[in-house]
Amino acid sequence: MRKPSRVTVTEVGPRDGFQIERDFIPTATKIELINQLVGAGLPIIEYSSFVSPRAVPQLADAAEVLQGVDRSRGTKFAALVPNAKGAERAAEAGVDEIRVFVSASETHNRKNVNRSVEESLAGFEDVMRIANEAGIPVEGAIATSFGCPFEGEVPVAQVGMIARRFRDLGMTGVGLGDTTGMATPTLVAERCRYLREHVPELPIALHFHNTRGIGLVNVMAGLAEGIDIYEASFAGLGGCPFAAGATGNICTEDLVYLLHELGIETGIDLERLCGAARHVEQVLGRTLPGQVMKAGPRLQLHPLDEVATAVG
Ligand code: COA
Ligand code: ZN
């Protein structure tokens, strides 16, 4: 498999990142940050969720946020939806893409959406009907695709079974979510090959968390398999509130930096993206994991008098 020459980077920080923030980020601030991401050239932003506002109060303003964002530049606005009610709200708000989600693990699915995997999948039929009527494409995300913090190993056949159901329902893609950073390069290769073989119709997106420090190593494994869609959060925000030990997504700027240094196009302006990452760090008032936003690009040179000379 050849490494792709161009990769689609999906920004998920405003959803996967903001959802775990306890203090409500004002709607106007969310809009400002999202518009900076639009300005940096992100092609797709998973910008919020239409879930129960009691489950995730931070994202209760999903419809209002969409009213304020810059839709003139062709950035697609995707939202996460768990059920028919979410699909109705998302369609009414006017999202460009709906993403349904279900866990490969029964226990995490119950924690996350209070139902069995089978019940989630059955509910997606209604989601598809609503989305089809509104002309909105639907992608499916599989949480805990590489392991579950409650159950441990997740069989690849279970991931494959869900992906087949997504295909049969008429979804346009499948995302493998590594909810608590349990993916390894070996598992990435295994799962991508399995899906390629058994569900070749569905493009695969990879969604890694950097919980154990090998998020970008897993991207390298995905690239080696020819995968050309990756999800990431600006400044490395992120984490699922309903999974033990969940931490940040791989960081969008660090990912874009890596891809550009590998000669892979993204269409993203790294400098502007770093500006958005530094801004969200200011807004949240704490140091965030992103590294390139702090260090700058590789060839950013420093004045000689910036640091002292060592004298022995
Ligand atoms: N948007 C808004 N409200 C919703 C909703 C949606 N998508 N789905 C359900 N609700 C409301 C119902 O209308 C009902 O309200 P009421 O009590 O005022 O009548 C209430 O929530 C309970 O509905 P029910 O279908 O019984 O839901 P539940 O309590 O079993 O919860 C979910 C199921 C899926 C709604 C909830 O677990 C959820 O939103 N989970 C999201 C988790 C998440 O975002 N995780 C992070 C992403 S990986
Ligand atoms: Zn995630």
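Ligands are counted one by one from 1 in listed order, and the atoms in each one are counted from 1 as well. Along the sequence shown, residues carry numbers from 1. What you see is a predicted model, and the numbers here were worked out from it, not measured in a lab. Below, each value reflects all heavy atoms present in this structure, side chains not excepted, and no hydrogens, waters or symmetry copies.
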The protein heavy atom nearest to atom 39 (O) of ligand 1 is Ser52 N, 2.8 Å
of all protein heavy atoms, closest to atom 43 (C) of ligand 1 is Asn112 OD1, 3.7 Å
Closest heavy-atom pair, Cys274 versus Met293, reported as atoms and distance to 0.1 Å, is SG-CA, 3.8 Å
Here the salt bridge (Lys or Arg N to Asp or Glu O under 4.0 Å) pairs for residues 58-70, sequence neighbours left out, are Lys30-Asp61, Asp70-Arg73
A student checking ligand 1 against Gly86 at a 4.0 Å heavy-atom cut-off should list atoms 7 (N)
For Gln19, the ligand 1 atoms with a heavy-atom partner under 4.0 Å come out as 46 (C), 47 (C)
| side chain to side chain contact (heavy atoms under 4.5 Å, CB included) between Val100 and Val102: does it pass, once the steps are laid out? | CA-CA 7 Å; Val100 294; Val102 59; over 6 Å; no
- Message: Tell me whether Thr172 contacts the main-chain N or O of Val138 through its side chain, where contact means a donor paired with an acceptor under 3.5 Å.
- Response: yes
Between Asn218 (side chain only) and Ile214 (backbone N and O only), is there a donor and an acceptor less than 3.5 Å apart?
yes
Is any side-chain N of the basic residue among Arg165 and Glu125 closer than 4.0 Å to the acidic one's carboxylate O? no
### Task
Go through the steps to decide whether Thr247 and His209 satisfy the test side-chain hydrogen bond (donor to acceptor under 3.5 Å, both in side chains), and finish with yes or no.
CA-CA 7 Å; Thr247 59; His209 283 256; 5.7 Å; no
Judged by heavy atoms only, the candidate from Arg115, Glu119, Arg110, Arg89 nearest atom 27 (O) of ligand 1 is Arg115
Within the 4.0 Å heavy-atom cut-off, what Ala55 brings close to ligand 1 is side chain
message: Check this for me, if you would: do Glu253 and Arg278 make a salt bridge, where the nitrogen-to-carboxylate-oxygen distance has to be below 4.0 angstrom?
response: no
Strictly less than 4.0 Å: does any protein heavy-atom distance to atom 24 (P) of ligand 1 fall in that range? no
Atom 30 (O) of ligand 1 sits nearest the protein heavy atom Asn114 ND2, 2.8 Å
At a cut-off of 2.8 Å, protein N/O/S around the Zn ion (ligand 2) gives Asp16 OD2, His207 NE2, His209 NE2
Open item on the list: Quiz question for you: does at least one protein heavy atom lie closer than 4.0 Å to atom 33 (C) of ligand 1?
Closed with: yes
query = Under 4.5 Å between any side-chain heavy atoms of Val174 and Val199, yes or no?
reply = no
| field | Steps toward side chain to side chain contact (heavy atoms under 4.5 Å, CB included) verdict (His207, Asp16) | value | CA-CA 11 Å; His207 174 114; Asp16 213 349; 2.9 Å; yes
Item checked: Polar atom proximity, Phe50 to ligand 1 (N or O, under 3.5 Å) -> yes
Gly160 and Tyr194 have their tightest heavy-atom pair at CA-CE2, 3.8 Å
In plain terms, say whether Glu201 and Arg167 are close enough for a salt bridge, that is, a side-chain N and a carboxylate O under 4.0 Å apart. yes
Below the 3.5 angstrom mark, is there an N/O of Ser49, backbone or side chain, next to an N/O of ligand 1?
no
among protein heavy atoms, the one nearest atom 12 (C) of ligand 1 is Lys85 NZ, 4.3 Å
Exercise for the section: Using a cut-off of 6.0 Å, state whether more than 12 heavy atoms not belonging to Lys76 lie near its atom NZ. Expected result: no
- Could you check if a side-chain atom of Leu42 sits within less than 4.5 angstrom of a side-chain atom of Leu273, using non-hydrogen atoms only? yes
Among non-hydrogen protein atoms, atom 8 (N) of ligand 1 lies closest to Asn83 ND2, 2.9 Å
Would you say Val56 and ligand 1 have an N/O pair spaced under 3.5 Å apart? no
Checking heavy atoms under 4.0 Å, the part of Leu59 that sits near ligand 1 is neither
Any nitrogen or oxygen of Arg54, side chain or backbone, less than 3.5 Å from one on ligand 1? yes
Counting from 1 in the order shown, the ligand 1 atoms closer than 4.0 Å to a non-hydrogen atom of Pro53 are 2 (C), 3 (N)
